[in-house]
J.: 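Pasting a structure below so you can have a look.
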Amino acid sequence: MSGKQPKIAVIGAGLGGAAAGALLQRAGFDVQVYEQAPAFTRLGAGIHMGPNILKIFEKMGIAKQLEGMSSKPTHWYSRDGLTGDYLSKIPLMGYGATYCTVHRGDLHALQISAVDAQSLYFGKRLKALDDNGSDVHLTFEDGTSATADIVIGADGINSRVREVLLGAEKPNYSGWVGHRALISGEKLKKYDLQFEDCVKWWGPDRHMMVYYTKADRSEYYYVTGVPHPAWEFDGAFVDSSREEMAETFAGYHPAIQALIDCTDTVTKWPLFNRNPLPLWSNGRLVLLGDACHPMKPHMAQGAAMAIEDAAILTRCLQETGTKDYQTAFALYEASRRDRATRVQEVSNANRFLLEQEDPSWVYGYDVYAEPLKAELAA
Ligand SMILES: Cc1cc2nc3c(=O)[nH]c(=O)nc-3n(C[C@H](O)[C@H](O)[C@H](O)COP(=O)(O)OP(=O)(O)OC[C@H]3O[C@@H](n4cnc5c(N)ncnc54)[C@H](O)[C@@H]3O)c2cc1C
């Protein structure tokens, strides 16, 4: 590692950490990003990026590229998983920027490309942090170390930084899993069925969210939410199978059966969350994204909240400068806590857009138009 002393260390180069690194660097801060993975890993899944995030990507200089590569649904449809009846048709236009659905690996690569490559370190798993009052000493599993004035924990639901702030505590298993599969768009052409650009199929106790991940509709993606009493496996996910999917969605609409028939590989992920944390920062350490407010993914806004956090935290540090990080962190928490907590609650409840409703409060939000709040609401 270079002998130059970094001012801001971001731990984790996921979707939130990459956004924090890129936005802070664009604002002129001296930032180093430390990621535990040995190299960039391309997770095979899809992701929604709503207009609230495209506004931030414009600042990061990647909005046009994202729009070029992604599918841009005009509506979100909700359909009854058994009968196929339409339950809602929500416009995804008119919120000040584009709504995109995309391959998550493509999105992540794009975000990483916005971070200065010289300041991004892979294979750096944070082991320990020592905030001695005047700076923070970071130690990594590979035996190396670094120093920073401020440390941003963007290290996900099992955050080491959160652990240093609040003690070791496992996240809560929600009792739900999500199956994820990417399907060839070509294969779907043989069916005389409607495959909407963005549709959520709702059953009595389970659902399947489906959308294209590429501009040319060559790749369709589904992610489920299915009750599963206990997660009995090690690791972030396990393999599932077409047979397991067929059993899980037996009796569901022919379009769902077609998706299952076209499935080559499918994985199964446990869905974890945490209750709102009692604090978001302490001393020179501050949290963002899943490290701070993880949620069940049913609103497709978890990464979005991490990226919004990164944008607001950058604004707060611009407002105060790094020296007055305590004021910056207080402004950040006051400006973010209500919205992140509301999204956490709505996402966990899993009724978002089931019926006709106005999602302007989510998609119309512009982090750059919001006044920074000086104090937490009572
Ligand atoms: C099935 C599913 C579907 C989803 N769909 C959507 C969607 O459509 N839209 C949306 O907005 N969100 C979605 N989400 C939520 C989204 O994936 C998360 O909210 C988002 O990834 C959080 O970003 P993050 O940067 O905070 O954490 P992460 O993406 O988890 O990144 C954390 C990073 O930190 C690194 N790290 C961890 N520990 C250390 C350490 N000790 N030292 C160094 N590095 C470390 C990790 O390797 C990782 O790269 C979905 C989630 C799931 C499970």
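Remember, it's a predicted structure, so these values are computed and weren't measured experimentally. Whatever order the structure lists ligands and atoms in, that order sets their numbers, starting from 1. One-based numbering along the sequence shown.
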J.: Geometry only, no angles: is Ala37 polar-contacting ligand 1 at N/O separations under 3.5 Å?
T.: no

J.: Do any nitrogen or oxygen atoms of Asp290 lie less than 3.5 angstrom from nitrogen or oxygen atoms of ligand 1?
T.: yes

J.: Can you name the atoms of ligand 1, numbered from 1 with element, that are less than 4.0 Å from a heavy atom of Val223?
T.: 1 (C)

J.: How close does the nearest protein non-hydrogen atom get to atom 35 (C) of ligand 1, and which residue and atom is it?
T.: Glu35 OE1, 3.3 Å

J.: With atoms numbered from 1 as shown, which atoms in ligand 1 lie under 4.0 angstrom from a non-hydrogen atom of Gly289?
T.: 26 (O)

J.: When you compare ligand 1 with Ala300, is there at least one nitrogen or oxygen pair between them that comes in under 3.5 angstrom?
T.: yes

J.: Can you label the angle between the Tyr220 ring and the Tyr212 ring as parallel, tilted or perpendicular, going by 30° and 60°?
T.: tilted

J.: Counting both backbone and side chain atoms, is some N or O of Ala303 under 3.5 Å from an N or O of ligand 1?
T.: yes

J.: Who's closest to atom 36 (N) of ligand 1 heavy-atom-wise, of Lys124, Gln36, His293, Met305?
T.: Gln36

J.: Can you confirm whether Asp216 is buried at CG, in the sense that more than 12 heavy atoms of other residues, nucleotides or ligands lie under 6.0 Å from that atom?
T.: yes

J.: Side chain or backbone, does Ala306 bring an N or O within less than 3.5 Å of an N or O on ligand 1?
T.: no

J.: Ring of Tyr365, cation from Arg339 - is the NZ or CZ under 6.0 Å from the centre and inside 45° of the axis?
T.: yes

J.: List, one per line, each side-chain donor-acceptor pair under 3.5 Å for residues 66-73, sequence neighbours excluded.
T.:
unit_1: Glu67; atom_1: OE2; unit_2: Thr98; atom_2: OG1; d: 2.9
unit_1: Ser70; atom_1: OG; unit_2: Leu66; atom_2: O; d: 2.8
unit_1: Lys72; atom_1: NZ; unit_2: Glu67; atom_2: O; d: 2.6
unit_1: Lys72; atom_1: NZ; unit_2: Ser70; atom_2: O; d: 2.8

J.: Does Arg342 qualify as a cation-pi partner of Trp361, given the criterion of NZ or CZ under 6.0 Å from the six-membered ring centre and within 45 degrees of its axis?
T.: yes

J.: Are Asp197 and His75 close enough that a side-chain donor and a side-chain acceptor fall under 3.5 Å?
T.: no

J.: In ligand 1, which numbered atoms sit nearer than 4.0 Å to a non-hydrogen atom of Arg104?
T.: 16 (C), 17 (O), 21 (O), 29 (O)

J.: Could you tell me whether Tyr221 and ligand 1 have an N or O pair separated by under 3.5 Å?
T.: no

J.: Geometry only, no angles: is Gly46 polar-contacting ligand 1 at N/O separations under 3.5 Å?
T.: no

J.: Give the residue, atom name and distance (to 0.1 Å) of the protein heavy atom nearest atom 8 (O) of ligand 1.
T.: His48 N, 3.0 Å

J.: Are any of the N or O atoms of Arg180 closer than 3.5 Å to those of ligand 1?
T.: no

J.: Partners of His298 by ring pair (Phe, Tyr, Trp, His ring centres under 6.0 Å), sequence neighbours excluded?
T.: Trp176, His207

J.: Quick test: of every protein heavy atom, which one is nearest to atom 27 (O) of ligand 1, and how far off is it to 0.1 Å?
T.: Gly156 CA, 3.6 Å

J.: Begin from the C-alpha positions of Trp280 and Tyr332 and carry the test ring pair (Phe, Tyr, Trp, His ring centres under 6.0 Å) through to its verdict.
T.: CA-CA 9 Å; Trp280 285 30; Tyr332 161 66; 5.5 Å; yes

J.: Could you tell me how the ring of Trp76 sits relative to the ring of His48: parallel (under 30°), tilted (30 to 60°) or perpendicular (over 60°)?
T.: tilted

J.: Could you tell me whether Arg180 sits above the aromatic face of Trp269, with NZ or CZ closer than 6.0 angstrom to the six-membered ring centre and within 45 degrees of the axis?
T.: yes

J.: Which of the numbered atoms in ligand 1 are below 4.0 angstrom from a heavy atom of Ala154?
T.: 32 (C), 33 (C), 34 (O)

J.: Distance to 0.1 Å, residue and atom name: give those for the protein heavy atom nearest to atom 24 (P) of ligand 1.
T.: Gly16 N, 4.0 Å

J.: Between the candidates Gly17, Gly50, Pro297, which shows the shortest non-hydrogen contact distance to atom 51 (C) of ligand 1?
T.: Pro297

J.: Quick check: is Met299 connected to Leu353 through a chain of hydrophobic side chains (ILVMFWY, heavy atoms under 4.5 Å apart)?
T.: yes

J.: Looking at Tyr86, does the NZ or CZ of Arg79 lie under 6.0 angstrom from its six-membered ring centre and within 45 degrees of the ring axis?
T.: yes

J.: I'd like to check whether Leu288 has a polar contact with ligand 1, where a contact means an N/O of the residue lying under 3.5 Å from an N/O of the ligand.
T.: no

J.: State the atoms of ligand 1, each with its element, that fall below the 4.0 Å cut-off from a heavy-atom position in Tyr34.
T.: 43 (C), 44 (N)

J.: Could you tell me, atom by atom, which parts of ligand 1 come under 4.0 Å of a heavy atom of Gly12?
T.: 33 (C), 34 (O), 35 (C), 44 (N)

J.: Should you measure from each heavy atom of Ile11, which atoms of ligand 1 turn up under 4.0 Å away?
T.: 42 (N), 43 (C)

